[in-house]
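First up is the structure itself, then whatever we jot down about it.
The figures here come from the full heavy-atom set of this structure, side chains too, leaving out hydrogens, waters and symmetry mates.
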Amino acid sequence: MGHMTSMTRGVSSAPQTETQNRRVLLAKPRGYCAGVDRAVQAVELALEKHGAPVYVRKQIVHNVHVVKTLEERGAIFVDETEEVPEGSLIVFSAHGVAPVVHDEAKRLSLRTIDATCPLVTKVHKEAVRFAADDYDILLIGHEGHEEVIGTTGEAPEHIHLVDGPGDVDKVNVRDPEKVAWLSQTTLSVDETIATVDALRGRFPKLLDPPSDDICYATQNRQTAVKEIAEQAQLVIVVGSTNSSNSVRLVEVAKDHGADAAYLVDYAEHIDPAWLDGVRTVGVTSGASVPEELVKGVLDRLAEHGFDHVDEVESVKESMRFALPHELRRL
């Protein structure tokens with residue numbers, strides 16, 4: 001079980017009898033992972049050193065607030081590399097890009113900063129290695145997600161997307177003896193295990209990646225939300241709808257005992273009706289969410305009498321990544 005610490009926020013004016021049992025269980029770890037921290041810093045440093053504009057391909061991380069804040073500082077987010085004026089500076093997002101994107105950047109003489117999370121780069125390298133050995137690669141992930149597009153681009157003729165256990169029967173491979181699996185880094189741990197088990201049922205010789213592809217931060221945040229969901233009627237996950245790991249936290253909370261779980265970008269998205277009859281609210285945040293947004297949610301809950309906060313630490317987390325090499329020499 002996790003370690004718990006308490007803090008009481010500003011005293012609420014609501015009647016004591018009604019609110020005395022109201023509490024918030026705040027998950028730890030939550031919020032920024034090492035890869036997000038590194039990617040956001042990469043854009044901030046690029047703006048500091050080079051001045052605006054700095055172009056960013058796709059959203060640097062999947063969070064509405066982070067993107068808006070960086071836009072205000074002079075970052076310009078584009079969908080495709082060819083939208084960037086020749087010779088400009090472009091940052092590749094934490095989710096990674098296919099090799100063709102690097103080729104496009106060269107063709108346009110763009111200066112690049114690659115903010116791909118090192119744990120995503122690891123999956124890219126695994127794809128390259130399995131493809132070089134002529135394996136069919138079953139990539140577990142969500143269709144259209146930027147990370148999946150980037151990984152697939154490393155070996156498009158070898159990779160088959162498997163979007164959950166329901167997709168397993170549709171998989172066709174050249175040789176059932178030469179099959180390996182990889183995964184997107186931000187999936188539900190439990191669902192991925194179920195998908196791999198189903199794949200192994202079809203392909204008993206299925207090879208595992210050298211180490212788990214679901215990243216430490218995704219796993220830790222799911223472990224933490226499971227613990228608070230067992231004790232909370234309601235779980236609020238701070239995060240954006242296009243953030244895979246945040247959406248998974250909502251699903252995991254519901255699967256592990258919470259009566260309801262909602263995803264909100266900002267405190268003002270909390271519907272007071274959600275709090276009716278609720279004694280314990282769980283709060284966590286996705287891996288691309290700044291802590292100030294969580295603080296806003298806690299302040300909002302305190303206004304409704306939930307002013308006692310217990311922080312539940314399920315896992316110790318201390319991972320840090322070095323900045324992209326293009327920035328280190330600055």
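With hydrogens and angles disregarded, a donor-acceptor distance shorter than 3.5 Å links the side chain of Asn245 to the backbone of Ala287. Of the possible donor and acceptor atoms, none in the side chain of Glu317 sits under 3.5 Å from a partner among the backbone N and O of Asn220. For the pair Gln222 (side chain) and Leu187 (backbone), a donor-acceptor distance under 3.5 Å is present. The backbone N or O of His95 lies less than 3.5 Å from no partner atom in the side chain of Glu147, so there is not a single donor-acceptor pair. No side-chain donor-acceptor contact under 3.5 Å links Arg73 to the backbone of Leu47. Although no hydrogens or angles enter the test, the distance criterion places no donor-acceptor pair under 3.5 Å between the side chain of Glu154 and the main chain of Gly150. In this structure, the side chain of Arg22 does not engage the main chain of Gly305 through any donor-acceptor pair within 3.5 Å. Between the side chain of Arg221 and the backbone N or O of Gly31 there is at least one donor-acceptor pair closer than 3.5 Å. Not a single donor-acceptor pair under 3.5 Å links the side chain of Asp213 to the backbone N or O of Leu182. The main-chain N or O of Ala105 is never found under 3.5 Å from a side-chain atom of Thr81 such that the two would form a donor-acceptor pair.
With rounding to the nearest 0.5 angstrom, the CD atom of Glu126 is 5.5 Å from the OG atom of Ser211. The CH2 atom of Trp274 lies 10.5 Å from the CG atom of Leu301; values are rounded to the nearest 0.5 Å.
With sequence neighbours excluded, no residue forms a side chain to side chain donor-acceptor pair (under 3.5 Å) with Glu48. Contacts of Lys28 classified as side chain to side chain donor-acceptor pair (under 3.5 Å), with partners at least two apart in sequence or in another chain: none.
By the 4.0 Å N-to-carboxylate-O rule, Lys295 lies close enough to Asp299 to be salt-bridged with it. Salt-bridge formation is detected for the pair Lys58/Glu80: a Lys NZ or Arg NE/NH1/NH2 atom is positioned less than 4.0 Å from an Asp or Glu carboxylate oxygen. Classification of Asp265 and Lys68 as a salt-bridged pair fails, no side-chain N sitting under 4.0 Å from a carboxylate O. No salt bridge links Glu146 with Arg57; every basic N to acidic carboxylate O contact stays at or beyond 4.0 Å. A salt bridge links Arg200 to Asp208: at least one charged side-chain nitrogen sits closer than 4.0 Å to a carboxylate oxygen. Taking a cutoff of 4.0 Å between a charged side-chain nitrogen and a carboxylate oxygen, Arg174 and Asp134 qualify as a salt bridge.
The closest side-chain heavy-atom distance from Asp37 to Val40 is not below 4.5 Å.
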Considering only distance and modelled atom types, tabulate donor-acceptor pairs under 3.5 Å from the side chains of residues 249-264, sequence neighbours left out.
| residue | atom | partner | partner atom | Å |
| --- | --- | --- | --- | --- |
| Glu251 | OE1 | Arg248 | NE | 3.0 |
| Glu251 | OE2 | Arg248 | NH2 | 3.0 |
| His256 | ND1 | Val252 | O | 3.1 |

### Task
Verify ring pair (Phe, Tyr, Trp, His ring centres under 6.0 Å) between His65 and Tyr266, making sure each step is shown before the conclusion.
CA-CA 9 Å; His65 182 77; Tyr266 293 103; 5.6 Å; yes
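Clustering ILVMFWY residues whenever any of their side-chain heavy atoms sit less than 4.5 angstrom apart, transitively, puts Val120 in a cluster other than the one holding Tyr32.
Judged purely by distance below 3.5 Å, without hydrogens or angles, the side chains of Thr116 and Asp114 pair a donor atom with an acceptor atom.
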